[in-house]
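This is a predicted model, so every value here is computed, not measured.
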Amino acid sequence: GTFLRASLLVKPTDWLDNTFIYDNVSIDTNGGGMELAHIRTGSVADQTFGTGLAPFFGGVTLQGAYAQQQALGENRTAVGVRTGEERHIWTAINTTNVDLGETAIGKLSLKNIVSYRHTDNYQARDFDGTVLPIVDNPELNVYSAYITEEFQIRGQSFDDRLDWFLGYFMDNTDVQDPQKNKTSQILFGVPYFLSKSWPLNYYNVTDENSEAFFAQGSYALTDALKLTLGARHTKDERSVRNQSFVGPTQACAISNPEPG
């Protein structure tokens, strides 16, 4: 993987400064592998992927796939999906500080922090550990965007005996999760074994919003005693939309429409 970070500090005056930070992370791996360790003779899976259906899978049976795995030994697998994982993340953070100095209510300063993070994550998995399309996940993509905004007012009043601040915080998260699956399901002993004809794909969208107002004050009653009070009010909203597409026509089988 590779990692890149760059920052820029700008301070045009004594009372104003701005810091911008950029991060970029890229990861590319072969992913993990599943090893077929045992088959229960006579089980539904053993019978389903036996000699009767072998022509549909290039002549390969589940017992044959198990023998192939045993011949490969440890740390090697024969799978039907080219597994791997790619992850790309970039983040930008900007912080601005303004020192207003002495005012009618004491010393005041302002701070604003805004950030954005974008993530692209691609995975391909073969969960059955064989060349057979039993439980394959050839394409899983997750795209997410994360935005935050925070604003603070800080002050010192009453001859610096009172330290206080007020603030507002907001974050928004948007996640899109499309998946392509090839799964041989068994229903009443009848397999949907033609994976190319019976793909099962998902499309999920999650949107989360949060807002918060907060305040805190610390007052020095004496040089050795300080009283601190704080409060925070948060409002969270979350919406999820799920859709499933099955069969050769990819008709929408299940849909949870976005509320509106």
Going only through I, L, V, M, F, W and Y residues with side-chain contacts under 4.5 Å, is there a path from [X] to [Y]?
X      : Y      : value
Phe20  : Val114 : no
Leu16  : Leu9   : no
Phe158 : Ile153 : yes

Contacts of type side-chain contact (heavy atoms from CB on, under 4.5 Å), residue Ser115, not counting sequence neighbours: Ile93, Thr148

Residues which pass side-chain contact (heavy atoms from CB on, under 4.5 Å) with Ile105, listed by chain and number, not counting sequence neighbours: Thr103, Leu108, Trp164

Test question: given the 4.5 Å side-chain rule for I, L, V, M, F, W and Y, name all other residues clustered with [X], or answer none.
X      : value
Tyr146 : none
Phe214 : Phe165, Phe169
Val10  : Leu8

Intermediate values then yes/no, side chain to side chain contact (heavy atoms under 4.5 Å, CB included), Thr119 and Arg117: CA-CA 7 Å; Thr119 301; Arg117 171 175 288 185; 4.1 Å; yes

Side chain to side chain contact (heavy atoms under 4.5 Å, CB included) between Trp15 and Leu100, worked out: CA-CA 7 Å; Trp15 52 269; Leu100 300 179; 5.9 Å; no

Enumerate the salt bridge (charged side-chain N to carboxylate O under 4.0 Å, His left out) contacts for [range], please, sequence neighbours excluded, ordered by first and then second residue.
range            : answer
residues 100-109 : Lys107-Asp160
residues 9-18    : none
residues 85-101  : Glu85-Arg87, Glu85-Arg125

Partner residues of Tyr116 under the ring-ring contact (aromatic ring centres under 6.0 Å, His included) criterion, sequence neighbours left out: Trp90

By ring-ring contact (aromatic ring centres under 6.0 Å, His included) - contacts of Tyr168 (at least two apart): Phe213

Rounded to the nearest 0.5 Å, how far apart are [atom1] of [X] and [atom2] of [Y]?
X      : Y      : atom1 : atom2 : result
Asp236 : Glu211 : CG    : CD    : 10.0 Å
Asn172 : Ser210 : CG    : OG    : 10.0 Å
Asn94  : Thr19  : CG    : OG1   : 8.0 Å
Ile147 : Asp174 : CD1   : CG    : 8.5 Å
Gln152 : Ile113 : CD    : CD1   : 5.5 Å
Ile39  : Thr130 : CD1   : OG1   : 8.5 Å

Residues Thr234 and Arg232: side-chain donor-acceptor under 3.5 angstrom: yes

Taking distance alone, no hydrogens or angles, what donor-acceptor pairs closer than 3.5 Å link side-chain atoms of residues 221-231 to residues at least two apart or in another chain?
{"unit_1": "Thr222", "atom_1": "OG1", "unit_2": "Ala224", "atom_2": "N", "d": "3.2"}
{"unit_1": "Thr222", "atom_1": "OG1", "unit_2": "Leu225", "atom_2": "N", "d": "3.0"}
{"unit_1": "Thr228", "atom_1": "OG1", "unit_2": "Ser218", "atom_2": "OG", "d": "2.8"}

N/O donor-acceptor pair under 3.5 Å between Arg154 side chain and Ser109 backbone: no

Heavy atoms from other residues, nucleotides or ligands near CG of Asp159 exceed 12 (cutoff 6.0 Å): no

Working for side chain to side chain contact (heavy atoms under 4.5 Å, CB included), residues Arg238 and Thr206: CA-CA 7 Å; Arg238 187 172 192 266; Thr206 302; 3.8 Å; yes

Side chain to side chain, Leu166 and Phe151, heavy atoms closer than 4.5 Å: no

Validation row: Thr2, Leu4 side chains within 4.5 angstrom (heavy atoms): no

Minimum heavy-atom distance His88-Ser26, with the two atoms named: ND1-OG, 3.2 Å

Contacts of type salt bridge (charged side-chain N to carboxylate O under 4.0 Å, His left out), residue Asp28, not counting sequence neighbours: none

